[in-house]
Every structure is written in structure tokens, then in C-alpha cells.
Amino acid sequence: MAAVRLLFIVQRPPYKSENPRLALTHALASQTAEIYMDDGDSVVPTVVFVGDGVLNAVKSQQAMKTYGVTSTESHIKGCLMTDVPIWVCKEDMERLGLKEDQIVSDAEDMGGAEISTKFVSFADIQKEMESVKHLLFF
Amino acid sequence: MAAVRLLFIVQRPPYKSENPRLALTHALASQTAEIYMDDGDSVVPTVVFVGDGVLNAVKSQQAMKTYGVTSTESHIKGCLMTDVPIWVCKEDMERLGLKEDQIVSDAEDMGGAEISTKFVSFADIQKEMESVKHLLFF
Amino acid sequence: MAELTIGVFSSLVGSMSLDFSFRLADAAMAKGHKVNMWLSGNAVMMAKKGQKAFKDYSHNEKKMMELIGKGMEITVCEACAEARGYHKEDVPQGMKRASMDWYLAKTVKTDRLLHIGGE
Amino acid sequence: MAELTIGVFSSLVGSMSLDFSFRLADAAMAKGHKVNMWLSGNAVMMAKKGQKAFKDYSHNEKKMMELIGKGMEITVCEACAEARGYHKEDVPQGMKRASMDWYLAKTVKTDRLLHIGGE
Amino acid sequence: MKLAAFLSDWRRTEDTLERIKADKLGVILVGNGIYHAVVKEGGKESPVLSKAGAVFYALSDDLDTRGYTAANVHSKVKVVSYADIVDLITNEYEKTAWL
Amino acid sequence: MKLAAFLSDWRRTEDTLERIKADKLGVILVGNGIYHAVVKEGGKESPVLSKAGAVFYALSDDLDTRGYTAANVHSKVKVVSYADIVDLITNEYEKTAWL
């Protein structure tokens with residue numbers, strides 16, 4: 001019987017690759033993974049955006065309007081709605097000139113979420129990398 | 001009736017992408033393209049390795065032995081055997097510490113080729129870019 | 001009116017360069033230009049019909065079929081397709097499979113070539 | 001002996017990360033380790049049987065079938081496959097199709113996870 | 001030569017744009033290339049925008065997709081549509097380069 | 001933590017390796033990552049090799065593929081096989097990171 005913690009670390013910008021989005025959909029799958037697990041086991045994910053990965057979390061993405069594709073923003077909101085923690089690295093936001101109000105922070109338009117985006121320092125991310133069982137870099 | 005000149009410019013290293021190799025196979029296809037063209041028309045290709053692309057032309061690639069895949073080196077030799085000019089940028093070789101004897105320069109092991117690799121400066125490549133009809137960057 | 005040839009080497013889902021190419025082709029044809037398209041490398045992923053239009057993934061089959069219907073010529077690299085397990089019976093209607101020489105030959109008469117040779 | 005789970009997101013022909021993954025799996029199994037493999041994103045290109053073994057292209061189907069025969073569990077992302085037009089009848093024998101939760105569940109018991117999440 | 005160069009990446013792995021010369025040069029920012037028009041890393045504009053003699057364009061759909069609008073775009077850069085790009089490559093420039 | 005970090009690119013687009021800390025850090029150069037072990041750009045060794053406290057490995061098959069051999073490899077870097085990598089990640093390190 002174990003609760004295994006996983007850290008999904010997105011280091012690259014959105015849309016050039018499918019992979020940042022797949023980080024979010026994979027993290028979300030933790031909610032339904034019990035069917036493949038022994039009783040009492042579970043996976044507990046956290047999704048972190050670092051480096052250029054923070055560009056994934058910029059608000060007002062119009063990917064559905066422009067290309068008919070779900071935006072990375074929507075996937076972030078989907079995670080917040082289902083209690084998957086979303087962290088964004090503060091130092092990288094500052095480096096890229098991004099303010100907190102430019103970042104997806106809640107899912108109010110989707111009916112509201114229990115949790116909101118956390119703005120963290122790289123030191124917090126480092127600590128999380130040390131304490132989880134597995135690292136998944138995208 | 002026209003002889004159209006094309007410049008294939010490979011700017012990225014081999015094996016991380018299929019595309020440097022496809023530059024060579026596409027250039028080679030100039031030899032058989034007449035079946036789709038009007039009488040007297042032809043395409044005349046030159047393949048240029050610039051930037052990190054010069055790493056494609058390093059000798060003694062063992063891709064067939066290691067991964068069962070034709071090496072980029074073999075494709076370069078295939079071009080030389082059929083008179084497709086191969087150019088390698090001298091400044092980039094120097095920057096990456098490559099000497100002329102480290103570069104694929106002929107196809108002697110394949111029975112010998114009429115032509116050999118030309119070591120050129122970026123200024124020569126610039127002139128070629130200006131004079132050809134179309135540019136194909138890889 | 002001009003003739004524009006677009007060569008693409010990018011995968012169906014990923015860089016969105018294929019999405020870009022079909023939209024550019026659409027815009028060019030709307031202005032009366034003739035468009036040819038060559039798909040090689042991972043772009044041969046368009047040569048498998050029956051792609052599901054999920055909202056989470058780039059979907060270009062519908063747009064491609066529209067453009068073919070309006071006269072766009074589109075050909076995929078045959079060897080690149082076979083290496084990925086795509087056979088003749090997988091090809092969407094109106095798409096041709098050929099060797100690279102088809103593309104090379106198009107460069108003779110085309111007014112403009114946009115060669116998207118990266119992922 | 002350990003259990004190693006490899007998750008791969010790279011295309012069949014391109015970065016050679018899939019070639020790497022199958023060779024690593026082979027080396028691990030030769031040492032008696034148990035190996036699970038999850039293919040998502042462009043790596044679902046393995047879920048189309050009948051890939052021609054040209055020398056110019058990465059070819060992993062044969063190696064994969066061998067490893068399956070020796071007990072490697074391999075599952076591909078079902079939605080990623082359908083979006084590319086790969087259906088149930090395309091799947092090589094011994095490969096499973098499932099949702100991402102299969103992979104997440106494997107992370108609980110596996111000793112090591114090598115997640116190759118880039119192209 | 002009259003060259004339209006497309007940039008589709010933010011972290012570039014080539015330096016061709018820096019080295020190439022053209023009598024007339026248009027730099028068309030598409031895909032993740034649009035970040036060169038909207039992000040000031042460390043407070044500084046992208047080095048791409050300092051290419052001498054170039055005219056800069058950014059594709060509006062690719063700005064919108066990523067959460068940016070014309071209001072965010074550097075004053076040197078003109079926002080264009082797909083139809084505009086067709087006109088640029090057929091009327092204004094003779095060759096193209098997708099870098 | 002005991003971390004095995006894989007680098008598969010020559011021109012990197014992330015800076016995670018520079019920022020990450022580990023009590024024990026192995027950097028495994030695979031694919032085009034092997035160029036960090038064999039190319040001296042402008043006469044200088046790759047900045048990757050200056051990561052403090054790290055131990056460096058390069059996959060022999062990926063060196064051979066690209067025309068290099070153990071003789072070309074920087075003295076800091078140990079040449080390893082696939083079997084060696086299996087041992088490294090199962091015995092020497094606890095977590096992996098494919099950057």
C-alpha cells in the first residue's frame with residue numbers, strides 16, 4: 001500500500017511539441033489509474049513549469065479559435081479543477097517579463113476550482129524533485 | 001526549357017532528425033526527375049553543410065553497425081558518385097575543431113567518384129544562395 | 001496568379017508546421033494561386049486516412065480533403081510512408097504517392113518554393 | 001532484479017530515441033530485469049504493424065517483437081494512436097492499447113522510471 | 001536577393017539568419033517564433049530584432065494561440081495574417097527560407 | 001538525491017542541468033549529446049563538462065554512429081555501453097532525468 005508521488009516538469013514552450021500538453025493529460029490520469037493498481041495504492045502528481053516552460057501557463061490562449069485545438073491553458077485549468085497541483089517558477093517568470101496576472105491561476109470560467117496555481121521558487125522545485133519517487137521531464 | 005538550380009542547405013547535426021539525410025536523398029532525386037518534366041528541363045542541385053550541419057560530414061560513421069541504418073556518410077558518398085556537388089563550410093569546420101582529413105571527401109571505397117567534397121567559405125555559400133532559383137533549408 | 005509549392009517534413013501532431021502549411025495553402029488558393037504540396041519525413045503521417053478529429057490533437061485531414069477538392073496537388077514520399085507501415089490502401093483519396101523526383105520536378109515551373117525542412 | 005519502466009514520446013524515424021529505448025530494454029532484459037514500456041505522443045508510430053525494414057530508416061518492429069516474446073510489457077496511448085489514424089486492427093501482436101492511467105499505475109511498483117518526454 | 005526568412009522557434013539552434021545577407025530581407029515570425037516579438041528576456045528585446053536592414057512580421061493566429069495580441073508586439077514588428085503572408089512571398093520577396 | 005541525467009542534444013534548449021543539485025550526479029551523454037564529449041567549439045570544452053560534482057558518461061554506440069571513438073573523448077568522460085547504462089541506473093543512481 002503506497003501513495004507514490006510523481007513530479008511532471010515542463011521545461012519547454014507550448015505548441016512546438018505535443019509534449020507539454022501530454023504532461024498535463026498524463027498528470028490528470030492519476031485520477032483514474034486505480035483500476036490498474038492494488039487496493040490502497042495511488043499516484044499523487046504535481047506539475048511544474050520551469051524555464052521556457054512557464055510560457056505554457058500564459059493566459060488567454062486562443063488555440064481552439066485559431067487551430068481547432070484545445071489550448072494548453074484549458075488543460076492547466078482541467079488539472080486545477082481536479083486538484084492536480086500546478087506550480088510555476090517565479091524566477092523564470094521574472095526573467096521572461098511575466099507578471100502573476102498574466103498567468104493562468106484558476107478555473108473560474110469552468111465553474112471554479114478548489115486550488116489555484118502556486119508561484120514557487122526554483123529552490124521549492126528542487127526540494128520537490130528530491131522528495132518524489134520519480135521525475136518526468138517534458 | 002530550363003535548368004533550374006537548387007541549393008540544399010543542411011544547418012543541423014545528423015541523427016537527431018531524419019531531415020539532414022533527406023536533404024541528400026532529395027538532392028539525389030534530381031537525377032531521375034526528368035520523367036516528371038518537359039523535354040529539356042532539368043534540376044541541378046548543390047548540397048551545402050553549414051553551422052552544426054558540418055557534423056553530418058564527419059568520416060567513419062558506423063550507423064549501420066550500431067543501429068542498422070545507412071549512415072549520413074554513405075548518403076554523401078552516394079551524392080559524390082552521381083556528381084551531386086557537396087560543399088562544407090570551412091569557417092564552421094574550424095569553429096568545431098574539424099580538419100579536412102576528418103571529413104568525407106571522396107567515395108573511393110565505393111569505386112571512386114568523379115568529384116570530391118569542396119571546402120568553401122560562407123561567402124561562397126552566400127553567392128550560391130543568391131544565384132540559385134530556390135533554397136531548401138534542413 | 002502564381003504557382004506555390006510547399007514541401008513539409010513535420011509530424012502531424014507536434015510543431016504545428018503542418019497546420020501552418022494547410023492554412024497557408026488555403027489562403028493562397030483563396031487568392032487564386034495554384035498550390036502543390038510535397039510531404040516527406042514525418043509529414044507522411046497525412047498519408048493514413050481515418051484520423052480521428054479529437055480536440056486535443058491537430059487534425060488536418062478534413063482541411064486537406066477540401067483543398068484537394070479545390071485542385072491542390074498533394075504527393076507523399078512513398079518510401080517514407082512504407083517505412084512507417086503506411087501502404088497504398090491507407091492513402092486518402094486524391095493524394096498521390098511518389099518518389100522525391102516528383103517534388104524536384106515541381107521546382108522547375110513553380111514561382112515560389114516554401115520548403116519547411118525542420119520538425 | 002529490478003523493474004524498469006521506460007516511457008517514450010519520440011517518433012519512429014527522427015531522434016533515434018526509440019532505437020535507444022529498445023536497445024536499453026534489450027540490455028536490461030539480458031541482465032534479468034523486468035521491463036515495461038509506455039509509448040505516447042509520436043512514439044505511438046510503433047502501433048502500426050507492417051513497417052518496411054528499409055536500411056535508410058530506423059526500424060524497430062523486429063526488435064520490439066523479440067522483446068515482447070521475451071516478456072516485455074508494452075502499451076501505447078490509445079487516443080494518441082486514434083488521432084493518427086491507427087486503429088485496433090493495426091496493432092502488432094502482444095502490444096496493448098490503453099489510456100495514460102496504465103503508465104501512471106506502473107510507476108507505483110517500478111524500481112526505476114526512465115521518462116523520455118522530448119522528441 | 002529578396003528573401004523572406006521564416007523563424008518558427010524561440011530557442012534557435014542555427015545562426016543562419018545572423019550570417020545571411022539580402023538586398024531585401026523579411027523576417028516572418030511564425031509558431032514559437034512569435035516569442036521574439038513579445039518576450040523581453042532579462043528586460044532585453046530578442047537579438048533577432050536587431051538584424052540590420054530586416055523588416056519583421058508576426059503571424060496573428062500564432063500570437064493569439066499563445067495568449068498574446070498585437071498590443072504585446074514590439075513596435076518594429078508588423079502583425080500579419082495568412083493572406084498577408086501569401087502576398088509577401090508572392091509579391092514582395094522572390095525566395096523563401098524556413099530556418 | 002542520486003540522479004542520472006541524460007542529455008541527448010548538442011544545442012540545448014533548457015538550462016535545467018545547470019540549476020539542478022544532486023548529492024550524486026551522473027550525466028549520461030547519448031544521441032547528439034555525445035558531441036559535448038568530443039567537440040571543442042572555438043577551442044573550448046563544452047560548458048556541460050564544467051557541471052560541478054558530476055560524473056560523465058558517453059554511450060559508445062552513439063559515438064561510433066557519428067564517426068567518433070573513445071580516443072576522441074574528453075578525459076573527464078567515461079565511455080559506456082547499453083549494459084553499463086542499465087547498471088548505472090539500477091545500481092548507482094535512484095532517479096533519472098531525460099533533459
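A note on names: the letters A, B, ... follow the listed sequences, proteins ahead of strands, and every chain is numbered from 1. Given the structure is predicted, the values throughout are model-derived calculations rather than measurements.
Within 6.0 Å of atom NZ in D/K34, more than 12 heavy atoms from other residues, nucleotides or ligands are found, so the atom counts as buried in its surroundings. In this structure, F/K76 places its NZ atom where more than 12 heavy-atom neighbours from other residues, nucleotides or ligands lie under 6.0 Å away. In this structure, F/K78 places its NZ atom where only 12 or fewer heavy-atom neighbours from other residues, nucleotides or ligands lie under 6.0 Å away. Heavy atoms of other residues, nucleotides or ligands lying less than 6.0 angstrom from NZ of F/K24 number more than 12.
Of the atoms belonging to F/Y93, it is backbone heavy atoms, and not side-chain ones, that fall under 4.5 Å from chain D. With a threshold of 4.5 angstrom between heavy atoms, D/S15 does not approach chain F through any atom at all. Within the 4.5 angstrom heavy-atom criterion, only side-chain atoms of D/A2, from C-beta onward, approach chain F. Within the 4.5 angstrom heavy-atom criterion, no atom of F/L99 approaches chain D. Of the atoms belonging to F/T90, heavy atoms from both backbone and side chain fall under 4.5 Å from chain D. Residue contact with chain F, scored on non-hydrogen atoms closer than 4.5 Å, involves the backbone and the side chain of D/L24 alike.
Once rounded to the nearest 0.5 Å, the distance linking CG of D/L114 with CD1 of F/I89 reads 5.5 Å. Taking CG from F/D87 and NE2 from D/H33, the interatomic distance works out to 6.5 Å, rounded to the nearest 0.5 Å.
A donor-acceptor pair under 3.5 Å is absent between the side-chain atoms of D/R23 and the main chain of F/Y82, judged by distance alone.
Taking the six-membered ring where the residue is Trp, the centroids of D/F9 and F/W98 are separated by 6.0 Å or more.
Residues F/E94 and D/R112 approach most closely at O-CD, 3.4 Å, considering heavy atoms.
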